[in-house]
Amino acid sequence: MTKIRQCVFALSFLTLVPLIADNAKADDDSWMPGWRLTSNYSLKDPFDPKELRRLAEHPSDDDSRLMVLILRAGIEKDKSFQDLLEKPKLREARNVALALSAYDYMLNRSEAALDYILAQLATEEIGADSDVIVVLQTLDEWDRSIRAFRKHFIHTDGTGGDCMQGFKTTRAYLYPKKYAEMREAIEAPISWPAPLLPKK
């Protein structure tokens, strides 16, 4: 590359840097940084127990919103929604059933609830965007969930890639100390049939 072309390239790059930064800032919500549980629900939003209770009475009104509110109750360790675990009708929507299992695990450390979530992930196409990953990213569990996450994302692209990034950033946001300890296990490159977790 001639010196003139190098200069032109350098100037072009310097011109683009502010634009790239502006676009990245504008697209903050599109790749779901850690404070976004889903594209339309932020962990920075105040948690509204009354809204959760209302939607639990009428789950068909908005099962996606109900899912994230149940997840939020689990993150907050709010024990006042344990009665929802005993309502089979709520489990008719798969995403709500997953959220209830996450809530059960977060408050009761129910291995059966974790088994259900991981079994559902095993039915998903490898690398796909998934409600199961959205649920799994909220759990304060660092062995089986990480193994399942890495196995699911052996390869991915598109929205699956956004989902993978969402898992990492949400875990890092919710549990920064534990994430720092587990960073290598979560982020180390993997290719099948490599071990699911790096050797210590």
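The side-chain tip of R171 points at the ring of W142 from less than 6.0 angstrom away and within 45° of straight on.
In this structure D131 satisfies the side chain to side chain donor-acceptor pair (under 3.5 Å) test with no other residue, sequence neighbours excluded. Annotation: side chain to side chain donor-acceptor pair (under 3.5 Å) contacts of S80 (sequence neighbours excluded): D78. Considering only residues two or more places apart in sequence or on other chains, F167 meets the ring-ring contact (aromatic ring centres under 6.0 Å, His included) condition with F149. Checked against side chain to side chain contact (heavy atoms under 4.5 Å, CB included), Y173 has the following partners two or more places apart in sequence or in another chain: W35, L43, K44. Residues satisfying the side chain to side chain contact (heavy atoms under 4.5 Å, CB included) test with A172, not counting sequence neighbours, are Y179. For S101, there are no side chain to side chain donor-acceptor pair (under 3.5 Å) partners, not counting sequence neighbours. Listed by chain and residue number, nothing satisfies the side chain to side chain donor-acceptor pair (under 3.5 Å) test with D45 (two or more places apart in sequence, or in another chain).
A56 and L90 get closest at one heavy-atom pair: O-CD2, 3.5 Å. Smallest separation of non-hydrogen atoms from T156 and G161: OG1-N, 3.4 Å. Considering every non-hydrogen atom in both A73 and F81, the closest pair reads CB-CD1, 4.1 Å. The minimum heavy-atom distance linking T138 with V135 is given by the pair OG1-O, 2.8 Å. Considering every non-hydrogen atom in both V134 and M67, the closest pair reads CG1-CE, 4.1 Å.
For the pair Y41/S64, no side-chain contact is recorded, criterion being any heavy-atom separation below 4.5 Å from C-beta on. Between R150 and I186 there is no side-chain heavy-atom pair separated by less than 4.5 Å.
Within the structure, the salt bridge (charged side-chain N to carboxylate O under 4.0 Å, His left out) test picks out the following pairs touching residues 52-72 (sequence neighbours left out): E51-R65, R53-D83, E57-K87, R72-E76. Counting only residues at least two apart or in different chains, salt bridge (charged side-chain N to carboxylate O under 4.0 Å, His left out) contacts with residues 102-113 comprise E111-R144.
Remark: L136 CG to L98 CG distance equals 9.5 Å, nearest 0.5 Å.
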Exercise. Might you work through the side chain to side chain contact (heavy atoms under 4.5 Å, CB included) test for Y105 and D140, ending with a clear yes or no?
Key: CA-CA 9 Å; Y105 182 82; D140 188 10; 6.0 Å; no
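Looking at I70, L55, L84 one by one, the single match for side chain to side chain contact (heavy atoms under 4.5 Å, CB included) with V96 turns out to be I70.
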Show me the donor-acceptor pairs within less than 3.5 Å that the side chains of residues 117-124 make with the rest of the protein, sequence neighbours left out.
unit_1, atom_1, unit_2, atom_2, d
Q120, OE1, R94, NE, 2.8
Q120, OE1, R94, NH2, 3.3
T123, OG1, Q120, O, 2.6
E124, OE2, R94, NH1, 3.2
E124, OE2, R94, NH2, 2.8

